Each structure stands twice: as structure tokens, then as C-alpha cells.
There are 2 protein chains.
Amino acid sequence: MDNKTILVVDDELKIRILLKDFLIREGFNVIESSDGRHALETFQSSHKSIDLVLLDVMLPEYDGWTVCREIRKLSDVPIIMLTARSDDFDEVHGFEIGADDYVKKPIRPTALVARINAFFRRMDKGNQESKVLSFDGLEIDDSSHVVKVNNKEVVLSPKEYVLLLILVESKGQTISREQLLNRVWGYDYFGGLRTVDTHINRLRIKLGEKDYLITTIRGFGYRFEG
Amino acid sequence: MDNKTILVVDDELKIRILLKDFLIREGFNVIESSDGRHALETFQSSHKSIDLVLLDVMLPEYDGWTVCREIRKLSDVPIIMLTARSDDFDEVHGFEIGADDYVKKPIRPTALVARINAFFRRMDKGNQESKVLSFDGLEIDDSSHVVKVNNKEVVLSPKEYVLLLILVESKGQTISREQLLNRVWGYDYFGGLRTVDTHINRLRIKLGEKDYLITTIRGFGYRFEG
DNA sequence: AAGTTTTGTTACAGTTTTGTCAACAATCCT
DNA sequence: AGGATTGTTGACAAAACTGTAACAAAACTT
């Protein structure tokens with residue numbers, strides 16, 4: 001497999017260096033950029049050879065959102081946003097603008113690399129296929145976050161959407177409440193397990209007649225039927 | 001057998017004890033070390049059996065960074081650094097050295113354990129194969145928890161499912177009621193042995209015509225015929 | 001700042017699961 | 001055969017699990 005090239009955009013030299021080192025150690029090629037304007041120029045001049053963009057939100061010249069939007073006008077390259085704190089980040093905002101994923105600082109290198117690899121794996125898998133998952137009567141367009149039941153759009157809240165996505169991504173497998181808490185709410189969330197039930201319930205209501213797609217496996221968790 | 005072993009390196013006795021107790025309670029094996037030199041020796045002598053290293057930055061003899069670097073020369077074991085200060089220098093330094101994650105003091109044990117678990121989960125996600133056990137007419141898909149008899153799904157209760165799984169995993173061997181109580185109900189369960197009989201009975205009923213797969217070994221226990 | 005949506009938690013009722021018992025059946029032993 | 005031991009099965013109450021509604025806090029909109 002030939003090496004992928006990643007464009008790293010961050011104004012902090014230290015972070016840039018450490019990301020570069022880590023990515024190179026993982027076998028990627030790295031192009032660096034320290035501000036928004038330069039990043040855009042770099043991308044314009046050589047976007048054919050860039051396979052993924054790591055983009056800090058806070059940048060001089062243009063901020064990360066702007067850079068993201070501009071890049072989107074040129075290309076569908078995967079963009080992963082790096083956010084300093086969770087406060088100043090709005091996930092929905094990020095998705096609307098066209099980012100494919102986001103990673104909160106402080107960055108955990110292995111996690112980041114796992115995420116990057118996941119992207120490339122997904123891309124290699126079906127470059128032709130659109131990112132629309134669909135099962136009998138249920139459609140999930142992951143790029144636009146639109147969910148349809150019998151061709152009618154259903155509006156899901158963020159948590160509901162992620163919950164559904166997690167279930168669908170491991171369809172056929174039973175996932176415990178603990179796992180769902182970890183994957184939807186995060187590994188550092190310590191709320192009660194009943195919370196999952198409630199959200200499953202809300203999700204089912206919104207799925208309407210297709211609610212049977214989410215099965216309860218008593219004593220174990222939930223499962224999406226593919 | 002499934003237990004992961006964690007090497008805890010910290011010079012403060014209190015913290016070491018705190019971490020050890022917590023980790024052991026969570027089902028990990030723990031090896032301790034109080035200074036850098038000893039940690040390295042320990043790791044060199046038994047790094048085959050160490051699955052993760054918790055490493056304090058400030059240590060006598062060698063400091064945490066040095067220990068980290070040396071361990072990296074030997075192995076790719078995940079390393080989580082415990083840092084007292086939260087300024088960027090530590091993190092950058094850590095990235096360069098090759099640590100996988102950071103946890104800032106003061107440590108919240110539950111959060112730390114969650115992080116460790118997240119790590120292990122991600123790691124053995126790679127070598128996770130959906131194992132489907134199947135015998136004439138009986139199928140057990142452990143990832144989805146679906147059991148089929150003659151291609152027809154059979155719904156088992158949690159206890160029934162685990163019971164069946166235990167039996168199947170040691171097929172051909174006779175397992176005593178005591179062993180079944182231990183492995184299905186847990187080491188700290190003190191119920192009567194008859195309980196096993198009842199559940200075997202219920203299991204057989206649900207297995208229908210395939211009930212002969214579970215044989216009674218009079219005076220000893222039960223056996224699954226593979 | 002007020003109103004709306006999302007989210008986490010709790011409470012409770014309906015259902016399933018579970019443990020235990022006791023009667024009954026089968027097997028073993030002398 | 002007869003008694004003793006062991007296994008099976010049905011009944012039933014206790015415990016556990018889940019779905020749902022209600023409510024309050026938090027986040028987001030306008």
C-alpha cells in the first residue's frame with residue numbers, strides 16, 4: 001500500500017512537530033502549514049497529492065472553519081478538525097461545514113492514528129459507493145446527517161443520531177449499554193445506564209414503524225438488525 | 001487467563017497503593033515499581049507479560065521520559081504517562097518520546113480505568129473475529145448472541161446463554177455443577193446446586209430436538225457433545 | 001432574556017428471569 | 001426387590017430487567 005500524504009495545519013510549532021513525528025513513524029507523508037492562508041495556498045497548489053487534512057480550529061489569518069469551507073469548495077478530501085477545548089466546538093457546526101471528524105485536544109496519538117486509518121480503510125473499501133447506509137425503509141446519509149424512514153426525513157438529535165450510527169455500524173452484533181455509553185457518550189462519562197434506555201426509546205419513537213430494527217437483547221444490550 | 005497485566009511506576013507509595021487496589025478490583029494484574037531503574041529492570045525481565053505501563057513523569061534514578069524511551073526500544077507496549085504539571089512542554093515531550101496517552105494529576109481512578117479499558121478495547125478490536133460455533137443443527141454467534149437450532153432462532157435468557165456457552169467451550173468434557181456455578185454464576189455465589197439442574201432443564205427445552213447435545217453424567221455433572 | 005430543544009435522571013409498572021422447593025422418575029447398589 | 005442416591009420437572013415467589021412517562025437541568029435559538 002502506498003503512503004498517504006497528510007496536510008497538518010496548526011500554528012503551534014510544538015504540536016506540529018509532534019504530530020509530524022508521530023505520523024511519519026506511522027508511515028504517512030506529512031506536509032505542514034502554520035496558518036490558514038498558507039494552508040489554503042498549499043492545498044490549492046497540490047491538492048491532488050493530499051489524502052487527508054488535519055486542521056486546527058484556532059488559526060491565524062483564517063480560522064479553521066473558514067479553511068475547511070474553502071477546502072470543501074475544491075475537494076472532498078477527508079478533513080479532521082482538532083479542537084482545543086470542547087466548549088468552543090460545536091459538533092453539528094463542524095459537520096455542517098463539511099468536516100468529516102473531529103478530535104479534542106489533548107490529542108491521543110494512537111487514537112488519532114486509529115481514526116485516520118479508519119478513514120483510509122473506509123475509502124479504500126468503496127470509493128464508488130456513496131456514504132448512504134440503507135436498510136429496508138431506513139436510510140442514513142452520513143455526509144449530510146439526514147435520516148429517512150420510508151423516504152420521509154426524520155430529525156434526530158445529535159445523541160440519537162450517533163447512537164443510531166454506532167448501532168448500525170456494528171449491525172447484527174449485540175452491544176451492551178456499557179459499550180454504548182463508551183462509544184456514544186465517551187469513555188469518561190459516568191452517568192447511569194438507564195440513560196441508554198431512554199435514548200433508545202426516543203430513537204425508536206422517531207423510527208416509527210421501523211422501530212423493530214433495534215432489538216432488545218435482554219440482559220445484554222441492544223442490536224441493530226441488518 | 002484473560003487478565004491484563006499492568007506495570008505501575010510511581011515513587012509515591014500512597015499513589016501506588018491507590019492505583020494498585022483500584023486496578024486489581026477492576027480485574028487487572030498489577031506489577032509495581034518505585035523508581036526508574038527498577039522499572040526498567042522489571043520490564044526487561046518480564047516484558048512479555050506486561051500489557052500496559054502506567055508511568056509517572058517524576059521518578060528517582062531515571063525520570064519518566066527516560067524510562068519511556070528505553071521501554072520503547074524494547075517494545076510497543078502502550079504507555080500512559082502520569083504528569084503532575086499540565087503545561088504543554090510535558091505533552092510535547094511525551095509525544096516525541098512515544099507515550100500513547102497522558103493523564104494529569106490529580107488522578108481520578110475511575111477515569112483512569114476507563115481510559116485503560118478504552119485502550120484495551122481498541123487493541124483487541126483488531127484481532128476480533130466473529131466466532132460462530134456450530135454443531136449439527138446448533139449455531140451460536142457470540143457477537144450477536146443469536147442461537148439457532150436447525151436455522152431457527154431460539155431466544156435464550158442470559159443465564160441460559162452463558163451456561164450453554166460454557167458447556168460448548170469445553171465440549172467433550174464433563175463439568176460439575178460446582179464448576180458451572182462458579183463459571184456461570186460467579187465465585188461469590190452460594191446458591192444450591194439444584195439451580196443448575198433447573199437451568200439445564202430449561203436450556204434443553206429450548207434446544208428442542210437437539211436436547212441430546214447436553215448429556216447428563218450421573219454423579220459428576222453435564223457434558224456437551226461436540 | 002425568554003422560549004425551545006436536548007439531555008440526564010428518576011420513578012414505576014409490566015414482564016421476564018431466576019432461585020428454591022418438592023414431588024416424581026430414574027438409576028444404582030447390595 | 002428394596003432402599004438409597006441422583007436427576008428431572010413443574011410450581012411459585014422473589015429479584016432483575018426493560019419501556020415509558022414525567023421532570024428538571026443544560027444547551028441552544030431567537
Side-chain angles (χ1 to χ4, degrees), chain A residues 83 85-96 145 147 153-167 174-178 180-186 188-208 211-223, chain B residues 145 147 154-167 174-186 188-208 211-224:
Chain A
T83 80
R85 293 175 304 152
S86 56
D87 314 328
D88 62 13
F89 183 75
D90 176 353
E91 186 177 339
V92 177
H93 187 205
F95 281 120
E96 278 172 1
H145 270 217
V147 175
E153 181 166 346
V154 173
V155 180
L156 300 185
S157 80
K159 280 278 185 294
E160 285 157 8
Y161 182 82
V162 178
L163 183 57
L164 178 60
L165 208 60
I166 297 284
L167 284 169
T174 299
I175 310 184
S176 70
R177 286 163 228 275
E178 285 87 351
L180 288 172
L181 271 188
N182 274 330
R183 298 181 59 184
V184 178
W185 279 261
D188 51 357
Y189 178 78
F190 295 102
L193 293 178
R194 321 269 72 233
T195 297
V196 179
D197 299 40
T198 301
H199 281 266
I200 289 282
N201 181 237
R202 288 170 181 154
L203 192 49
R204 278 176 174 155
I205 290 173
K206 292 198 179 175
L207 293 187
D211 57 357
Y212 60 83
L213 285 170
I214 299 176
T215 314
T216 304
I217 310 299
R218 199 169 234 271
F220 290 104
Y222 297 95
R223 183 177 68 205
Chain B
H145 279 226
V147 175
V154 173
V155 179
L156 300 186
S157 81
K159 281 279 185 294
E160 285 157 9
Y161 182 84
V162 177
L163 183 57
L164 177 60
L165 210 59
I166 296 285
L167 283 168
T174 300
I175 309 184
S176 70
R177 293 175 171 74
E178 285 88 350
Q179 281 178 300
L180 287 172
L181 272 187
N182 275 333
R183 298 182 61 184
V184 178
W185 278 261
D188 49 356
Y189 179 77
F190 297 104
L193 292 178
R194 311 279 90 215
T195 296
V196 178
D197 299 38
T198 301
H199 280 268
I200 290 283
N201 180 31
R202 288 170 180 155
L203 192 50
R204 278 176 174 155
I205 290 173
K206 292 197 179 174
L207 292 188
D211 57 357
Y212 60 82
L213 285 169
I214 298 177
T215 315
T216 304
I217 310 300
R218 200 184 169 80
F220 291 102
Y222 298 96
R223 183 176 67 203
F224 185 88

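Throughout, protein chains are lettered first and strands after them, A, B, ... in sequence-line order, and every chain is numbered starting at 1. Every value quoted in this text rests on a predicted model; they were computed, and no experiment measured them.
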Rounded off to whole Å, could you give me the [atom1]-to-[atom2] distance for the [X] and [N] pair?
| X | N | atom1 | atom2 | answer |
| --- | --- | --- | --- | --- |
| B:L207 | D:dT9 | CG | P | 13 Å |
| B:L203 | D:dT9 | CG | P | 12 Å |
| B:D211 | D:dT8 | CG | P | 11 Å |
| B:I205 | D:dA11 | CD1 | P | 11 Å |
| A:F220 | D:dA16 | CZ | P | 16 Å |
| B:H199 | D:dT9 | NE2 | P | 15 Å |
| A:E178 | D:dC17 | CD | P | 11 Å |
| A:R202 | D:dG19 | CZ | P | 14 Å |

OP1 or OP2 of D:dG19 under 4.0 Å from side-chain N/O of A:N201:
no
**Message:** Would you say A:R177 places a side-chain N or O within less than 4.0 Å of OP1 or OP2 belonging to D:dT18?
**Reply:** yes
Check whether any side-chain N or O of B:R204 sits under 3.5 Å from a backbone N or O of B:I214 as a donor-acceptor pair, and report yes or no.
yes
Exercise. When you measure from the side chain of B:K159 to the backbone N and O of B:V184, does any donor-acceptor pair fall under 3.5 Å?
Worked result: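 Such a contact is absent between B:K159 side chain and B:V184 backbone.
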For [X], answer base if it contacts any base atom (sugar-phosphate contacts may also be present), sugar-phosphate if it contacts only those atoms, and nothing otherwise; contact means non-hydrogen atoms under 4.0 Å.
| X | answer |
| --- | --- |
| B:F190 | nothing |
| B:Y222 | sugar-phosphate |
| A:R204 | sugar-phosphate |
| B:T216 | sugar-phosphate |
| A:T195 | base |

Double-helix bend of the helix from C:dA1-D:dT30 to C:dT30-D:dA1, axes at both ends from 5 pairs, round to 10°, gives 30°
**Message:** Distance under 4.0 Å to a non-hydrogen atom of chain A counts as contact; along DNA chain C, which nucleotides mark the start and end?
**Reply:**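 Going 5' to 3' along DNA chain C, contacts run C:dT6 to C:dT17.
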So do the side chains of [X] and [Y] get within less than 4.5 Å of each other, counting heavy atoms only?
| X | Y | value |
| --- | --- | --- |
| A:H199 | A:L203 | no |
| A:L207 | A:V154 | no |
| B:Y222 | B:T215 | no |

Distance, nearest 0.5 Å, that separates [atom1] of [X] from [atom2] of [Y]:
| X | Y | atom1 | atom2 | answer |
| --- | --- | --- | --- | --- |
| B:L213 | B:F224 | CG | CZ | 4.5 Å |
| B:T174 | B:F220 | OG1 | CZ | 8.0 Å |
| A:L167 | A:R223 | CG | CZ | 11.5 Å |

Salt bridge (Lys or Arg N to Asp or Glu O under 4.0 Å) filter on B:D197, not counting sequence neighbours, yields B:R177, B:R194
(request) Return the orientation label for the A:H145 and A:Y161 ring planes: parallel under 30°, perpendicular over 60°, tilted otherwise. (result)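 Parallel, since the angle between the ring planes stays under 30°.
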Comparing A:I217 with B:I200, nearest DNA chain D nucleotide closer to 5' gives the residue B:I200
